[in-house]
Amino acid sequence: MPVFIAFFTLMAITVATARGRDSLQAKSREDWLLDGMGLFVQGVVIPFLQIAVIYQLYVVLFPKYCDCLIWHPVADFLLSFVAVDYLYYWNHRLLHARQLWPLHWVHHTMTQRHVLGTSRNTLWTSFLILYLWVHALFIYLLQDPTAYVAGVSLTSALDLWRHSDIEPTPGSALHRVLSPWLILPQDHAWHHTSSATHKNYGANFKLWDKIHKTAWECETAPESLGIETHLSLIQKLVWPFYWDKVEG
């Protein structure tokens with residue numbers, strides 16, 4: 001529920017501005033379909049699979065370990081929001097490796113920053129993202145996964161925000177508070193720049209990029225986003241391997 005609130009709030013803010021309305025009107029029918037399918041998969045299909053399939057798989061594989069982790073709620077939250085975030089950093093970098101890049105590069109075809117493009121991807125790319133497997137595992141293992149799920153919800157809400165152009169003004173109090181540690185929309189925009197994508201792989205925290213020398217900080221977003229592709233809509237959704245020689 002918090003994720004849906006975040007989505008509709010960000011959409012309302014987008015629609016409330018002339019720039020936001022113009023960006024939505026500029027979207028092609030194909031982009032609407034691509035983004036809509038991505039949001040449906042990420043917001044409906046993946047949560048269903050986590051509970052109805054992956055969770056039940058763990059019941060079969062590890063029948064003795066259900067509710068075996070009895071941790072403080074703060075530890076549960078940090079596991080989700082910090083530790084899994086670090087694992088995702090490497091997961092994301094792996095998706096930019098040459099062998100897997102065709103499965104992720106559809107996400108980088110978005111040319112505008114708004115919340116609708118958050119989940120743009122080939123339909124089965126989500127199976128290669130650790131969230132599907134790890135979240136179901138810890139929900140199964142933790143005796144009370146409430147705080148863990150809160151961390152998941154916050155990460156998802158930040159992911160929606162990160163792909164929008166609703167950002168704190170450089171030099172503002174909010175920017176000074178958040179910028180040193182949190183990936184802001186303008187930071188993630190540099191990951192989507194047309195010129196290169198070897199920077200800012202992190203989801204929640206800038207720390208991982210700083211540690212591994214992949215950080216790129218700039219107070220303003222790049223002028224040009226997105227990479228070009230000649231794939232059809234079906235290829236983008238299902239089989240994106242007819243690709244130009246583009247490296248992630």
Side-chain angles (χ1 to χ4, degrees), residues 1-11 35-96 100 103-104 107 115-164 181-183 188 201-209:
M1 184 62 69
V3 178
F4 288 101
I5 293 174
F7 174 80
F8 288 113
T9 299
L10 290 167
M11 279 300 300
D35 291 346
M37 289 295 293
L39 288 169
F40 177 76
V41 169
Q42 194 64 40
V44 178
V45 176
I46 294 302
F48 172 79
L49 290 177
Q50 285 175 327
I51 301 302
V53 179
I54 307 301
Y55 184 94
Q56 299 304 320
L57 175 64
Y58 292 141
V59 171
V60 174
L61 294 176
F62 313 115
K64 298 181 180 180
Y65 293 95
C66 182
D67 300 340
C68 68
L69 298 181
I70 307 173
W71 293 353
H72 192 281
V74 173
D76 296 343
F77 178 84
L78 293 177
L79 172 65
S80 171
F81 195 66
V82 180
V84 173
D85 189 59
Y86 182 59
L87 293 178
Y88 174 79
Y89 168 85
W90 284 107
N91 187 183
H92 193 183
R93 285 193 66 170
L94 184 62
L95 288 173
H96 280 257
L100 294 179
L103 295 176
H104 181 60
H107 181 64
V115 65
L116 293 175
T118 303
S119 299
R120 178 184 295 196
N121 245 321
T122 300
L123 293 180
W124 48 287
T125 298
S126 293
F127 289 92
L128 301 177
I129 298 177
L130 60 84
Y131 292 146
L132 172 64
W133 308 95
V134 170
H135 290 337
L137 176 62
F138 282 115
I139 290 173
Y140 175 70
L141 295 177
L142 289 166
Q143 185 181 62
D144 182 2
T146 303
Y148 182 91
V149 172
V152 173
S153 297
L154 181 56
T155 295
S156 298
L158 288 175
D159 191 34
L160 293 168
W161 177 56
R162 188 166 54 247
H163 285 87
S164 75
W181 62 280
L182 194 67
I183 296 283
H188 192 66
Y201 293 100
N204 295 332
F205 295 105
K206 290 183 177 179
L207 177 62
W208 320 132
D209 283 291

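One-based numbering along the sequence shown. None of the values given here were measured: they were computed from a predicted structure.
Side-chain contact between V152 and F138: absent, with no pair of heavy atoms (C-beta onward) separated by less than 4.5 Å. For the pair C66/Y55, a side-chain contact is recorded, criterion being any heavy-atom separation below 4.5 Å from C-beta on. The shortest distance between side-chain heavy atoms of L158 and L182 falls below 4.5 Å.
Here the OH-OH distance, from Y65 to Y58, works out to 14.5 Å after rounding to the nearest 0.5 Å. Q50 CD to I139 CD1: the interatomic distance, rounded to the nearest 0.5 Å, is 6.5 Å. With rounding to the nearest 0.5 Å, the separation of CG in L103 from OG1 in T122 is 6.0 Å. Once rounded to the nearest 0.5 Å, the distance linking CG of L160 with CD1 of I5 reads 12.5 Å. In this structure, CH2 on W161 lies 14.0 Å from OG1 on T9, to the nearest 0.5 angstrom. Taken from CD1 in I46 to OG in S156, the straight-line distance is 11.5 Å, to the nearest 0.5 Å.
The nearest pair of heavy atoms linking A147 to P73 is CB-O, 3.1 Å. Between K206 and I183, the shortest heavy-atom contact is CG-CD1, 3.7 Å. For G151 against S80, the heavy-atom pair with the smallest separation is C-OG, 3.3 Å. The minimum heavy-atom distance between D85 and N204, with the atom names listed, is OD1-N, 2.9 Å. For Q42 against S126, the heavy-atom pair with the smallest separation is OE1-OG, 3.3 Å. In plain terms, the two heavy atoms of P63 and Y140 that are nearest each other are CA-OH, 3.6 Å.
Applying side chain to side chain contact (heavy atoms under 4.5 Å, CB included) to N91 and the options V134, I129, V84 leaves one that passes, I129. When each of D144, D76, L142 is checked for a side chain to side chain contact (heavy atoms under 4.5 Å, CB included) with L69, only L142 meets the rule.
With salt bridges taken as basic N to acidic carboxylate O contacts below 4.0 Å, one links D159 and R162.
Remark: aromatic rings of F205 and F81 are close, center separation under 6.0 Å.
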Evaluation steps, side chain to side chain contact (heavy atoms under 4.5 Å, CB included), between W71 and L79: CA-CA 10 Å; W71 293 353; L79 172 65; 3.6 Å; yes

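Taking the six-membered ring for Trp and thresholds of 30 and 60 degrees, H104 and H96 have ring planes more than 60 degrees apart, a perpendicular arrangement. Classification of the H163-H188 ring pair by plane angle, with boundaries at 30° and 60°, yields perpendicular. Classification of the H92-Y201 ring pair by plane angle, with boundaries at 30° and 60°, yields perpendicular.
Between the S164 side chain and the V115 main chain, no donor and acceptor come within less than 3.5 Å of each other. With hydrogens and angles disregarded, no donor-acceptor distance shorter than 3.5 Å links the side chain of W133 to the backbone of L128.
Taking Y131 as the reference, Y88, H135 meet the ring pair (Phe, Tyr, Trp, His ring centres under 6.0 Å) condition, with sequence neighbours excluded. Residues passing the salt bridge (charged side-chain N to carboxylate O under 4.0 Å, His left out) test with D35, sequence neighbours excluded: K27, R120.
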